[in-house]
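Right, one structure below, let's go through it.
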2 protein chains.
Amino acid sequence: MAEDSAPHGTAPIQPESVSDATLRGLIGYSMKRAFMVIRADLARTLEPFELRMMTFTALTLVADNPGLSQSQLAQAMAVERPNLVVIVDELETRGLITRDRVPTDRRTYALHITSEGAQLLARATRAVHQHENGIMGKLTAEEEAALIATLKRIEASGGRS
Amino acid sequence: MAEDSAPHGTAPIQPESVSDATLRGLIGYSMKRAFMVIRADLARTLEPFELRMMTFTALTLVADNPGLSQSQLAQAMAVERPNLVVIVDELETRGLITRDRVPTDRRTYALHITSEGAQLLARATRAVHQHENGIMGKLTAEEEAALIATLKRIEASGGRS
DNA sequence: TACAATAGTTATCTTTCATATCTATATGCC
DNA sequence: GGCATATAGATATGAAAGATAACTATTGTA
């Protein structure tokens, strides 16, 4: 079978090492890869509680800000209002939060966590912190604080350039 | 309209400030929010070139690693093989890369960037770097280096805990 | 009262990412 | 050689996150 043709002209094909040096010069690339790791781990962590990243986030915000409206929650979560509806639907159907009518403005709902929701959230939050420690455990407190501060500055710079 | 009923019992409803203090204790939360800012900005930046985040990434990796296979590319991009097929399809259809048969292994394709692809990539890369500077410009070189190093450690810790 | 703005909803779409399954080919072993 | 197994690519399908347009009900305002 054309013995001597070494794979050179048409196909070098390195064995294993694919260089991403160019992309490493972009913060977005490193950020995405780190975030993917965190997201996958978070999804596994929340799965026993039948929570997803967004439902966990929404539940936490409702717990910390009782009575807030869906619009406020959507803004806090940086998602569009339509996308929040299904999240709130799911949490309400499961009895984890309630949609309470506001007498002063019958358009809005005041969201409140139920005792069942609070119990589930407490357990889920413990699990999430444990898994975050597993991933972030190698960071010192200073590194972690510096990371959060830097991330907040990046986030703040995003109000349209 | 029941004048005196202050919004207290059923619905506190804060005006604007929704507290996310609890979630700020999770790195994943700050990371997601920062990443969303970067991703939205990157999408706007790549839109004139008709590239998305993933097609830009793939094109860069093919340019830097000529002849690599789709499996290698999928592994480098940390996506599953099926998801890469459509990305490579799109790049090939647009004439930005080629799928070349490998005589030594007729299962695999060797991916190469075309001159047209290289030209588009050069222009897109310039635009991406400009926009990254706009977002990241407020960071010092030390902060940026520390951020990338920390992100890489987070990413590396993700090989299943 | 008419009109604009807001809260929530519905429908529809895109992008990213995953799993299961199929084919063609390659490889290791008897 | 023949067969089991592994691999490369592809197809089909679906979940999750996110966006936009358009609708209803209500509120506020000129």
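Each chain gets a letter, A, B and so on, in the order the sequences are listed, and its residues count up from 1.
- Hydrophobic clustering, with ILVMFWY side chains joined whenever heavy atoms are under 4.5 angstrom apart, keeps M36(A) apart from M36(B).
- To the nearest angstrom, P of dA16(D) lies 11 Å from CZ of R39(A).
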Under 3.5 Å, N/O pairs linking protein and nucleotides 7-10 of chain C:
{"unit_1": "dG8(C)", "atom_1": "OP1", "unit_2": "Q70(A)", "atom_2": "N", "d": "3.3"}
{"unit_1": "dG8(C)", "atom_1": "OP1", "unit_2": "Y109(A)", "atom_2": "N", "d": "3.0"}
{"unit_1": "dG8(C)", "atom_1": "OP2", "unit_2": "Q70(A)", "atom_2": "N", "d": "3.4"}
{"unit_1": "dG8(C)", "atom_1": "OP2", "unit_2": "S71(A)", "atom_2": "N", "d": "2.7"}
{"unit_1": "dG8(C)", "atom_1": "OP2", "unit_2": "S71(A)", "atom_2": "OG", "d": "2.8"}
{"unit_1": "dT9(C)", "atom_1": "OP1", "unit_2": "R99(A)", "atom_2": "NH1", "d": "2.9"}
{"unit_1": "dT9(C)", "atom_1": "OP2", "unit_2": "Q70(A)", "atom_2": "OE1", "d": "3.2"}
{"unit_1": "dT9(C)", "atom_1": "OP2", "unit_2": "Q70(A)", "atom_2": "NE2", "d": "2.7"}
{"unit_1": "dT9(C)", "atom_1": "OP2", "unit_2": "R99(A)", "atom_2": "NH1", "d": "3.0"}

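- Within the 4.0 Å cut-off from OP1 or OP2 of dT27(D), at least one side-chain nitrogen or oxygen of R106(A) is found.
- Of the residues in residues 23-33 of chain A, those lying under 4.0 Å from DNA chain C by heavy-atom distance are K32(A).
- Closest of all the heavy-atom pairs between V37(A) and I154(B) is CG1-O, 3.9 Å.
- Side-chain heavy atoms closer than 4.5 Å link hydrophobic residues (I, L, V, M, F, W, Y) into clusters, and following such links, even through other members, never connects V85(B) to V62(B).
- The two residues L147(A) and L139(A) make their nearest non-hydrogen contact at CD2-CD1, 4.3 Å.
- We find that CG of L84(B) is positioned 15 Å from C1' of dT15(C), with the value rounded to whole Å.
- The salt bridge (Lys or Arg N to Asp or Glu O under 4.0 Å) analysis of residues 69-93 of chain B, with sequence neighbours excluded, yields the pairs R52(B)-E90(B), D89(B)-R99(B), E92(B)-R99(B).
- Counting to the nearest Å, the P atom of dA16(D) and the CE atom of M36(B) are 18 Å from each other.
- Rounding to whole angstrom units, CD of residue Q75(B) and P of dT7(D) are separated by 12 Å.
- Here dA22(D) presents its P atom at 15 Å from CD of E80(A), a figure rounded to the nearest Å.
- In this structure, the CZ atom of R44(B) is 15 Å from the P atom of dG18(D), given to the nearest Å.
- Between R123(A) and E116(A), none of the side-chain N atoms (NZ, or NE/NH1/NH2) sits under 4.0 Å from a carboxylate O, so this pair counts as no salt bridge.
- Summarising the geometry, the separation between CE on M54(B) and P on dT14(C) is reported as 18 Å, rounded to the nearest angstrom.
- In this structure, F35(A) atom CZ and dT15(C) atom P are separated by 19 Å, rounded to whole Å.
- Contact between the side-chain N/O atoms of R52(A) and the OP1/OP2 oxygens of dA17(D) is found at a separation under 4.0 Å.
- Between the side chains of N65(B) and S19(A), no donor-acceptor pair of N or O atoms lies under 3.5 Å.
- In this structure, R101(B) forms a cation-pi arrangement with Y109(B), its terminal cationic atom sitting closer than 6.0 Å to the ring centre and no more than 45° off the ring axis.
- In terms of heavy-atom proximity, L84(A) sits nearest to Q70(A) at CD2-O, 3.0 Å.
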